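Throughout, residue positions are numbered sequentially from 1 according to the sequence presented. Source: prediction; values computed, not measured.
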Amino acid sequence: MNRKKERIAGFLLIAPSILLILLLIGYPMVYNFIISFHKVPVNPKKAMQAVGFANFTKTLTDSSFYSALGVTVFFTLLVVVLSTAAGLAAAILLNRRFFGKKIVKALILLPYIVPSVSLIFAWKYMFNNTYGIVNYLYVDVLKLSERAPLWFDRPASAFALVVLFSVWKFFPYAFMSFYAILQTIDKTLYEAADVDGANGWQKFKVITLQEIRPVLATVVTLRTIWVFYMYTEIALLSGQVKTISVYLYENAFSMRDMGKAAAISILLFAMIFSFIMLVRKKVFRYE
């Protein structure tokens, strides 16, 4: 009887959280799935018109969809690989005692905790072609060009800067994750490796990499999801980088095609879910 009361009490305690999840996540997901099979009118008072798989067909036959998807895959690959590598390198370097370590860690974490909008406008200010510090150094100091380049107005340079910004903004997350797990590795493993004559790369491959494998899978998984759907940083930094999130936004709010936008989001969910499952299967293959 007491156990039954405990189960009821436990359910009552978590019931508000379950209700909140259903309202904030469950309902939008179900509604999004429903409207993906409908033509949604701009006027909310008008009824939706069922169109079957027309929205999915329209998306899959749109060349802009594949162009945006290609840009997004390349962008995600660069940001995830570079930010993960930078975070791991920083964690390994700081996993030792030295003077000023706390200050260095604070500086590394700074771009991650500062609001993105502030950082975005700081970057746009630095690369401004009239008064930006970057163009001042590039043109006036180093004399590399006679005229200040329009960094965010050219697709190639805009893409490179958005990648660089994203790596700089998000690599502290990888650093925090790797630094925490490195603190738990038994130091005697490295001492035994030193006795066996192992070099730095061998110790990293056999000891460090094996110990951080679960954290590595988590970092890559979460970072892939976040970067794949990134919109705010890309849209505010430059209008020249046409990722899938920008393509989705334009269909939903510029063209007012909510049905197609819903279909796009479902296709993207299927793609990213399949990719994440594949990555985790590969990472934990030897677990």
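The two atoms that bring Ile181 and Glu211 nearest to each other are CG1-O, 4.0 Å, heavy atoms only. The two residues Leu222 and Tyr173 make their nearest non-hydrogen contact at CD1-OH, 3.0 Å. Nearest heavy atom pair, residue Phe159 against residue Val71, reads CE1-CG1, 4.0 Å. When all heavy atoms of Gln240 and Phe152 are compared, the closest pair comes out as CG-O, 3.6 Å.
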Throw together a table of side-chain donor-acceptor distances under 3.5 angstrom for residues 46-56, partners on residues two or more places apart or in other chains.
residue, atom, partner, partner atom, Å
Asn55, ND2, Ser36, O, 2.8
Asn55, ND2, His38, O, 2.9

Less than 3.5 Å apart, which donor and acceptor atoms pair up between the side chains of residues 257-277 and the rest of the protein, not counting sequence neighbours?
residue, atom, partner, partner atom, Å
Asp257, OD1, Lys260, N, 3.2
Asp257, OD2, Lys58, NZ, 2.9
Lys260, NZ, Asp62, OD2, 3.0
Lys260, NZ, Tyr247, OH, 3.3
Lys260, NZ, Asn251, OD1, 3.4
Ser265, OG, Asn32, OD1, 3.4
Ser265, OG, Asn32, ND2, 2.9
Ser265, OG, Ala262, O, 2.6
Ser274, OG, Ala270, O, 2.8

Could you pull out all donor-acceptor pairs under 3.5 Å where a side-chain atom in residues 75-90 meets a protein atom, sequence neighbours excluded?
residue, atom, partner, partner atom, Å
Thr76, OG1, Thr72, O, 2.7
Ser83, OG, Val79, O, 2.6
Ser83, OG, Val80, O, 3.4
Thr84, OG1, Val80, O, 2.6

Test log, rule side chain to side chain donor-acceptor pair (under 3.5 Å), inputs Asn95 and Gln183: CA-CA 7 Å; Asn95 190 32; Gln183 298 289 301; 2.7 Å; yes
Stepwise side chain to side chain donor-acceptor pair (under 3.5 Å) check, Tyr231 with Thr243: CA-CA 8 Å; Tyr231 174 78; Thr243 60; over 6 Å; no
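Residues passing the side chain to side chain donor-acceptor pair (under 3.5 Å) test with Thr188, sequence neighbours excluded: Asp186. Legend: residues meeting ring pair (Phe, Tyr, Trp, His ring centres under 6.0 Å) with Phe175, ordered by chain and number and at least two apart, are Tyr179.
Note on Leu161: it clusters hydrophobically with Val117, by side-chain heavy-atom contacts below 4.5 Å among ILVMFWY residues. Connection of Ile103 to Leu94 is not established within any shared hydrophobic cluster, with ILVMFWY side chains joined at heavy-atom distances below 4.5 Å, either directly or through further cluster members. By the criterion of side-chain heavy atoms lying less than 4.5 angstrom apart, applied directly or through intervening Ile, Leu, Val, Met, Phe, Trp or Tyr residues, Ile244 is not grouped with Met255; the two fall into different hydrophobic clusters.
Atoms CG and CG, on Leu150 and Asn128 in that order, are 9.5 Å from each other to the nearest 0.5 Å. Going from atom NZ of Lys124 over to atom CG of Leu237 covers 7.0 Å, rounded to the nearest 0.5 Å.
Listed for the Tyr249 side chain is no donor-acceptor partner under 3.5 Å among the backbone atoms of Ser254.
Between Phe37 and Phe33, the ring-plane angle classifies as perpendicular under the 30° and 60° cut-offs. Between Phe165 and Trp123, the ring planes are perpendicular. Angles over 60° get that label, and only those under 30° would be called parallel.
The salt bridge (Lys or Arg N to Asp or Glu O under 4.0 Å) contacts involving residues 225-253 comprise Lys242-Glu250, where partners must be two or more places apart or lie in separate chains.
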